[in-house]
Asker: 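Sharing a structure below in structure tokens format, with a few things to ask.
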Amino acid sequence: VQPKIHGLFPIPIYSTDIDRNFTKKELDFVKDQKNYCTKNEGNIHTTDSYILNKPELKKIKKFLDECCKDYLKTVICPQNNVEIYITQSWLNYIDENQYHPMHYHPNSVVSGVLYLDCDKDNDRIHFFSPLKYAHISPKINEFNIWNSPSWWFAVKTGQLLMFPSITTHKVNVKKGSNTRISLSFNTFYKGTIGSNKSLTELIL
């Protein structure tokens with residue numbers, strides 16, 4: 001009998017594309033916002049952490065709202081009349097030899113990154129297993145999805161990735177001369193979660 005390996009409790013990494021070119025108005029706004037940034041460890045991000053409220057990004061906000069609805073419907077599948085909505089949002093800028101340190105997103109359900117300008121040959125995002133520090137790790141001969149403490153995705157302009165906010169991730173030192181620009185956002189529930197009868201009800 002051929003053995004089977006079951007993917008138990010996988011981490012969903014939702015990937016899609018905006019499927020259009022960004023407009024000149026959107027790109028001019030995004031590039032100008034680099035002048036209004038705060039230093040992060042390894043890179044910079046906009047001081048405005050509600051950037052999707054800007055009218056220049058109205059169409060992008062609409063696209064991201066639709067993706068949040070789809071993630072809720074296809075991944076979370078709630079029983080109650082629940083929504084997830086975007087809370088904070090900001091732009092990240094990573095130049096050559098800069099990076100984004102390992103982190104996760106507290107106080108959020110699902111987080112996302114939309115790539116506004118990147119080099120598909122050089123730009124990647126790295127995700128880390130929650131079991132990274134929780135098990136014995138012999139030296140690996142060949143990495144696969146079962147034994148890897150981390151996994152990376154090459155990213156391209158127009159691509160959106162969404163994932164549980166507890167998922168640790170980072171960007172390694174940037175290669176290539178372009179400025180990697182991404183829009184990150186967090187989300188939270190709106191509606192009633194849990195159950196009144198089981199004493200777990202939470203109205204948000």
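One-based numbering along the sequence shown.
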Asker: Are any non-hydrogen side-chain atoms of Tyr14 and Cys67 less than 4.5 angstrom apart?
Answerer: yes

Asker: For Thr167 and Pro164, indicate whether the former's side chain and the latter's backbone hold a donor-acceptor pair under 3.5 Å.
Answerer: yes

Asker: Using only heavy-atom distances, determine whether the side chains of Ser195 and Thr200 contain a donor-acceptor pair under 3.5 Å.
Answerer: no

Asker: Evaluate whether atom CG of Asn21 has more than 12 neighbouring non-hydrogen atoms of other residues, nucleotides or ligands under 6.0 angstrom away.
Answerer: no

Asker: Would you mind reporting whether Phe185 and Ile86 have side-chain heavy atoms less than 4.5 Å apart?
Answerer: yes

Asker: For residues Phe127 and Trp152, determine if any side-chain heavy atom of one lies less than 4.5 Å from a side-chain heavy atom of the other.
Answerer: no

Asker: Just by distance, do the side chain of Thr74 and the backbone of Asp70 share a donor-acceptor pair under 3.5 Å?
Answerer: yes

Asker: Quick check: is Tyr50 connected to Leu52 through a chain of hydrophobic side chains (ILVMFWY, heavy atoms under 4.5 Å apart)?
Answerer: no

Asker: Quick check: do Thr23 and Phe29 have side-chain heavy atoms less than 4.5 Å from each other?
Answerer: no

Asker: Are Met162 and Leu57 connected in the hydrophobic side-chain network, where two residues link if heavy atoms are under 4.5 Å apart?
Answerer: yes

Asker: Counting only N and O atoms by type, is there a donor-acceptor contact under 3.5 Å from the side chain of Thr46 to the main-chain atoms of Trp90?
Answerer: no

Asker: Check for a donor-acceptor pair, side chain of Asn144 on one end and backbone N or O of Asn147 on the other, with a separation under 3.5 Å.
Answerer: yes

Asker: In Å, rounded to the nearest 0.5 Å, how long is the span from CG of Asn141 to CZ of Phe143?
Answerer: 9.5 Å

Asker: Gln159 versus Phe153: any side-chain heavy-atom pair under 4.5 Å?
Answerer: no

Asker: State yes or no: are the ring centers of Tyr85 and Phe188 separated by less than 6.0 Å?
Answerer: no

Asker: Between Asp65 and Lys61, is a salt bridge (Lys or Arg N to Asp or Glu O under 4.0 Å) present by the stated rule, with each step listed?
Answerer: CA-CA 6 Å; Asp65 284 339; Lys61 172 71 160 50; 2.9 Å; yes

Asker: Verify, without hydrogens or angle tests, whether Arg180 (side chain) and Arg124 (backbone) share a donor-acceptor contact under 3.5 angstrom.
Answerer: yes

Asker: Any side-chain heavy atom of Leu27 within less than 4.5 Å of one from Asp117?
Answerer: no

Asker: Is Tyr93 reachable from Tyr115 through a run of hydrophobic residues whose side-chain heavy atoms are each under 4.5 Å from the next?
Answerer: no

Asker: So, for Pro12 and Tyr71, which heavy atoms are closest and what is the spacing to 0.1 Å?
Answerer: CG-OH, 3.5 Å

Asker: Judged by atom type as modelled, is there a donor-acceptor pair below 3.5 Å linking the side chain of Thr168 to the main-chain atoms of His103?
Answerer: no

Asker: Quick check for you: to the nearest 0.5 Å, what is the distance between Leu204 atom CG and Ile84 atom CD1?
Answerer: 13.0 Å

Asker: If you compare all heavy atoms of Val155 against all heavy atoms of Cys118, which two are closest, and at what distance to 0.1 Å?
Answerer: O-SG, 3.6 Å

Asker: Quick check on Ile166: does its CD1 atom have over 12 non-hydrogen neighbours (other residues, nucleotides or ligands) under 6.0 Å away?
Answerer: no

Asker: Could you check Lys54 against Asp48 for side chain to side chain contact (heavy atoms under 4.5 Å, CB included), going step by step and ending with a plain yes or no?
Answerer: CA-CA 10 Å; Lys54 297 296 186 183; Asp48 185 351; 3.0 Å; yes

Asker: So how far is it from Gln88 CD to Ser184 OG, rounded to the nearest 0.5 Å?
Answerer: 11.5 Å

Asker: I want to check something: taking the side chain as every heavy atom from C-beta on, are Ile181 and Val30 in contact at a cut-off of under 4.5 Å?
Answerer: yes

Asker: Would you check if the side chain of Asn80 reaches a backbone N or O of Val82 as a donor-acceptor pair within less than 3.5 Å?
Answerer: no

Asker: Which residue in the set Thr179, Asp119, Asp123 passes side-chain hydrogen bond (donor to acceptor under 3.5 Å, both in side chains) when paired with Lys174?
Answerer: Asp123

Asker: Heavy-atom count check: over 12 atoms from other residues, nucleotides or ligands less than 6.0 Å from Asn81 CG?
Answerer: no

Asker: So do the side chains of Leu72 and Pro78 get within less than 4.5 Å of each other, counting heavy atoms only?
Answerer: yes

Asker: Can you tell me if OH on Tyr104 sees more than 12 non-hydrogen neighbours from other groups inside 6.0 Å?
Answerer: no

Asker: If we count only N and O atoms by modelled type, under 3.5 Å, do the side chains of His126 and His100 hold a donor and an acceptor together?
Answerer: no

Asker: Looking only at side-chain N and O atoms, does Asn186 offer a donor or acceptor that is under 3.5 Å from a partner on Ser111?
Answerer: yes

Asker: Applying side chain to side chain contact (heavy atoms under 4.5 Å, CB included), run through Val171 and Ile94 and close with a yes or a no.
Answerer: CA-CA 9 Å; Val171 177; Ile94 304 179; 4.0 Å; yes

Asker: Report the distance from atom CG of Leu116 to atom CG of Leu183, rounding to the nearest 0.5 Å.
Answerer: 5.5 Å

Asker: Taking it one step at a time, do Ile44 and Thr38 satisfy side chain to side chain contact (heavy atoms under 4.5 Å, CB included)?
Answerer: CA-CA 6 Å; Ile44 60 174; Thr38 299; over 6 Å; no

Asker: Side chains of Asn172 and Lys170: is there a donor and an acceptor less than 3.5 Å apart?
Answerer: yes

Asker: Measuring from Ser129:OG to Ile11:CD1, what's the distance to the nearest 0.5 Å?
Answerer: 6.0 Å

Asker: Side chains of Asn92 and His45: is there a donor and an acceptor less than 3.5 Å apart?
Answerer: no

Asker: Side chain to side chain contact (heavy atoms under 4.5 Å, CB included) between Leu161 and Leu114: does it pass, once the steps are laid out?
Answerer: CA-CA 7 Å; Leu161 294 179; Leu114 175 66; over 6 Å; no

Asker: Counting only heavy atoms not in Asn35, do more than 12 fall under 6.0 Å of its CG?
Answerer: yes

Asker: Run the salt bridge (Lys or Arg N to Asp or Glu O under 4.0 Å) test on Lys156 and Asp121 for me, step by step, so that the C-alpha distance in whole Å, both residues' side-chain angles and the decisive distance to 0.1 Å come before the verdict.
Answerer: CA-CA 8 Å; Lys156 62 181 181 179; Asp121 294 326; over 6 Å; no

Asker: Taking atom types as modelled and ignoring hydrogens, do the side chains of Lys39 and Asn43 form a donor-acceptor contact shorter than 3.5 angstrom?
Answerer: no

Asker: Between the side chains of Glu201 and Thr192, does any donor sit under 3.5 Å from an acceptor?
Answerer: no

Asker: Side-chain heavy atoms under 4.5 angstrom apart, residues restricted to Ile, Leu, Val, Met, Phe, Trp, Tyr: same cluster for Ile203 and Ile76?
Answerer: no

Asker: For Ile51, does its backbone N or O pair with a side-chain atom of Ser89 as donor and acceptor, under 3.5 Å?
Answerer: yes

Asker: Could you grab the distance from atom NE2 of His6 to atom NZ of Lys4, nearest 0.5 Å is fine?
Answerer: 6.0 Å

Asker: Do the side chains of Leu202 and Val110 join up, straight or via other hydrophobic residues, at under 4.5 Å, putting them in one cluster?
Answerer: yes

